[in-house]
Every structure is written in C-alpha cells, then in structure tokens.
Amino acid sequence: MSSVISPAIQRERRVKLFFFLVALLGLFLVITQTPNLLISFLLALVTHSFLAPVVDFLERKRLPRVLAVSAPFLITALVIGLSLNFFLPTLLIQLNELQVSLPKYFSTASGLLTRLELQVNTRIAQIYPLDIRGTIEPYIVQFTEGFVKKLPSLLSNSLTVLVLTPFLAFFMLLDGRDFIRRLLTLVPNNVFELALNLNYQVMTQISGFIRARVIEGLLIAMIIWMGLLYLDFPYSLLLASFAGLINIIPYVGPLLGAIPAVIIHLANSGQSQELIWLLAIYGGAQIIDTALIVPFIVAKIVDLHPVVVVLAVIIGAQTMGILGMIISIPLFSALKVSFSAIYQHMTDFRS
Amino acid sequence: MVEFIWNSLLKNEKATLRKLLKSNILFQDLNPFELSLVENIVNVRNYRPGENIFRQGEVGVGMYIILSGSVTIFVEEIQENSQTAFNSKHTAVTHLKATDFFGELALVEDESRRSASASAHEETILVGFFKPDLLEIISRNPSAGVKILTRLSEVLGLRLRQTTARITELKRELKK
C-alpha cells in the first residue's frame, strides 16, 4: 500500500519498457527497410480491415477460426483474381499507351505553364518576376513519371508483393490479435492498461478509416470511369483508378486526380465542350462524394484540422512520395489518438 | 525433456487459469468452448510486493481477478500541510485474496476513473479482463458476451444494493 515505488520495481519497469520499445522499433525497421514489405504490409492491413468483420461473423456461426479466416480469404482471392483478369489487361494496355504518349503530354503541360507564367508576369509581376514553370514543372514531371512508372510494377510486376500481401493478411486475421497480445506482455504494469486501450482505439480508428476510404475511393473511381466511358475519353480506367486512389488525400486529392485528364484533353483536342464535360464529371463525382458518400460512409474518420491535414500531406510527400501522401492521414490520425490518450494519462489522470 | 517440463508447466498454468475463470461469477455460465475463448483473450500479469496495480483517479479499462497472492485496495487523500506542501494519506478499504476480483465498473463505464488505488500485498498474479477483451468476445461469440454481461449486471446490482445499505446504516448512525 504505497505510492513510493521501490528501486527494484522501477528497474524492472525500465527494462520491460526498453525491450518493448526495442521490439516495436525492430518491427518498424523490418517493415520499412525490407524491400516490398511496407507496401505488402499496408495492402495486407487493408485486406485485414475488410475481412475482419466477415471472419468474426463466420466465427459467430460456430465456424472454427482457421476456417472462418480461410473461407472469405479464398472467396476474396477468387474475386480479386477474376477482377484483375478482367481489368488488368485494359489497365496495362492503357498504361503502355500512356507511356508512349507521355512526352506529348509533358510538352502540353509545359506550354500551359509557360503561357500562364507569361500572363502573370506581364500583368501583375513586374516588380517581382515569378518563375512558375521552373517551380512547378519538376514536380509534375516527377509526380507523373513516378506514378506511371511505379504503378505497373506495384500492380503486376512485383511478384513479391503479390505473394506477401495475402500471406501477411492471412496471418494478421488468424493470429494478429494473439501477436499483439504477446507483444503487450512486454509492456510494464504501470502503462499496461494505457497500452492496451491505445492499441484498441488506434486499431479501431485505422480499420474504420481504411474501410471508409477504400469504399469511397472505389465509388469515386466508378463514377468517374462511367463518365469518361460515356465521353469516350482515352485511358478512362487508368484515370478513374488514379482519381479513386488519390482521392484519399483530403483537399488536394480530388484536384490532383483531375489534372492528368485535363492535360490529356488539352494535348489531344482542346475542345471547350469536352473540357466542360470533363470538369462536370470530376466536379459531379466530388459533389456526390461530399453530399452522399462522406456523410454516410466516411463518418468514422478522425477529424483533423485542415492545417494538420496539409502539413501531414506535405511531410508524407517529402518523405515517401505518393505512398507517403496516401498513408499520411491515417498515420496522423493514429498519432493524434495516441498522443491525446498518452497526454491524458500523464497529466489528467487524477480526479 | 525440457519441452516436456515446459509443456507440463504451461498445461498446469492453463488448467489453473481455467479453474479460476470457471469459479468466477462473471464466467460461470460459459460452456467449455466459450471458456477457452475467454482463456485465450484474458491477460495474465505478475506484480511485485508493494507494486501499484492502478491508482485512484486513473482512467481504467477493466477488471482484475486474483489468480494468486493478495491485493490491498486503498483510498488516497491529499492533505494540504502548508501553502506549498501536500501530504498524501492512505486509508485501506479492503484486502482481497485469490479468486476475488475488483475494478469491474470500468468494464461498463465510459472513461471510467478508478475510485480507489490497488497494490499487490505480496507476489501476486492477476488475470486482467478489459473492455476491448469484452468487446472482442461480444463480436466473436455474442452468446458468451450476453452471459458475461448478465452476470456483470448482477454483480453491479449487488454492489449498488450493498452501497445503499451502507449509506442507510451511516445515516442511522449519524441520527443517533
């Protein structure tokens, strides 16, 4: 019955905490430093977030855990396989065509920037000349080239990712909770409840976020794909997939998603009627997203201040490129939950 | 040989844990299948003599069952000695032994704060059962979840009746 902790207990707590942090750091380093493991881990986390409720449902129907994991896993693998079989050839053809036409689109984007720079400099920037093209062009080149070149390798050529993702997802579903439980045994007693609760809150937030954002991205991609197909616009599937994926980035995502289509339009025909249709499709998808999808599907997402969102996206982009931009928001949401829970525990724990 | 001893020890520990869970009021209605689910979910923690399990005012997320050893529950009162110095006074409320449990209010209350502190009186092994564990059971086996929640309501009702009786008793004493 004391609030004074003996030195032996303090030492034991420090040792336990040290080993727990070393284990966490080791896991983090293995995941981030092993080639292909980070992307496989993230995709496995997405699969896990979608299948976990199904696995729990099957377990409620008295199916043993192994079968409850295997059944939806096999069905999902079949559905994904069939979808890839249907969509991948079109996607790869469109990617190859895009790679061939890329120089044309670069020069269009470059010309646009030059014209913009000229107009700005003649009208308002006599005192302070702006180098818009020189500033923005490297980003566009890096962004477009990087995305176009990396996407096919991520989707189809990276055999490691294709093998690792289902493997990791299967074991996350089967033994993930046990693994976390074992990891938590390393946590010292004085912070055990905090760590357990934190893990639960963070996992619930991340799973909800992933589920909501993936459904939202798929719906956005489908709306844009149908619109572009109706317009008979080139690379419809590729552009729709890109828009759906990049939509995960708040505020700037929808804008970035529309840029490639506008550039392709300007390089190909430049007809103003088509541009209006194009903007209507992308704008319409955003209106549907804001008015219908976000209130009903994305309601679980943690509220982050717009300034924090922009900062998170910039930091993500600086450190890990496009992948960093996509994962920055769920990562910051998890950090926000962790930080506020730890802060509350350390400062406000006395009534 | 080492493996045999290790497995025997683990089996022994598992058997003790199962026996303890089965004897606890919260889990006594569970069938062997549901009990093995709980067994795999609960957290076994070791405490040194004098080590705090939780402190008054902290946010609590669950309850503990004593597997072995004993636990002292006490209330901490902060007393102001002078304008700058504070003194903490501890008053023991109860002393709990093996198979007893405490902290169950945190299982149902949101952002529940501990109403008293708990510390291990000797080398103590506790089985922690927390809100995330209860939610996992409800999600994976609702029937087991309902059985646990029904018993939990019974325990909380009993505690409420005991508190009401104690208040009435104290009021009577005050009137005298």
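FYI, side chains are in, hydrogens and waters are out, and symmetry mates aren't considered; it's all heavy atoms of this structure. Please read all numbers here as calculations on a predicted model, not as lab measurements.
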task: Measure the spacing between CD of B/E104 and CG of B/N24 and express it to the nearest 0.5 Å.
output: 9.5 Å

task: Could you check which of B/V71, B/L126, B/L135 has the highest count of heavy-atom pairs closer than 4.5 Å to chain A?
output: B/L135

- request: For atom NZ of B/K22, decide whether the heavy atoms of other residues, nucleotides or ligands shown that lie under 6.0 angstrom number more than 12.
  value: yes

- prompt: A/N189, A/N197, A/I9, A/L196: which one forms the most heavy-atom pairs within less than 4.5 Å of chain B?
  reply: A/N189

message: Can you confirm whether A/K16 sits close enough to A/R13 that some side-chain heavy atom of one is under 4.5 Å from a side-chain heavy atom of the other?
response: no

- prompt: Relative to chain A, which segment of B/F33 carries a heavy atom at a distance below 4.5 Å: side chain, backbone, both, or neither?
  reply: side chain

message: For A/R60, which atoms come within 4.5 Å of any heavy atom of chain B: side chain, backbone, both, or neither?
response: both

- line: Ranked by heavy-atom pairs below 4.5 Å to chain A, first place among B/R48, B/E136, B/R140 goes to B/R140

- prompt: Using the ring of each side chain (for Trp, its six-membered ring), is B/H90 parallel, tilted or perpendicular to B/F74, with breaks at 30° and 60°?
  reply: tilted

Short N-O contact, B/R45 and A/E193, less than 4.0 angstrom: no

- request: Salt-bridge test for B/R166 and B/E169: reply yes if a basic N is under 4.0 Å from a carboxylate O, no otherwise.
  value: yes

- prompt: What orientation do B/Y64 and B/F102 show, parallel under 30°, tilted 30 to 60°, or perpendicular over 60°?
  reply: parallel

- request: Counting only heavy atoms closer than 4.5 Å, note whether A/P64 contacts chain B via side chain, backbone, both or neither.
  value: neither

- prompt: With chain B, which of A/F192, A/F57, A/Y200 has the greatest number of heavy-atom pairs at distances under 4.5 Å?
  reply: A/F192

field: Contacting region of A/L184 [heavy-atom separation from chain B under 4.5 Å]
entry: backbone

- request: Below 4.5 Å from any heavy atom of chain B, which atoms of A/N199 appear? Answer side chain, backbone, both or neither.
  value: neither

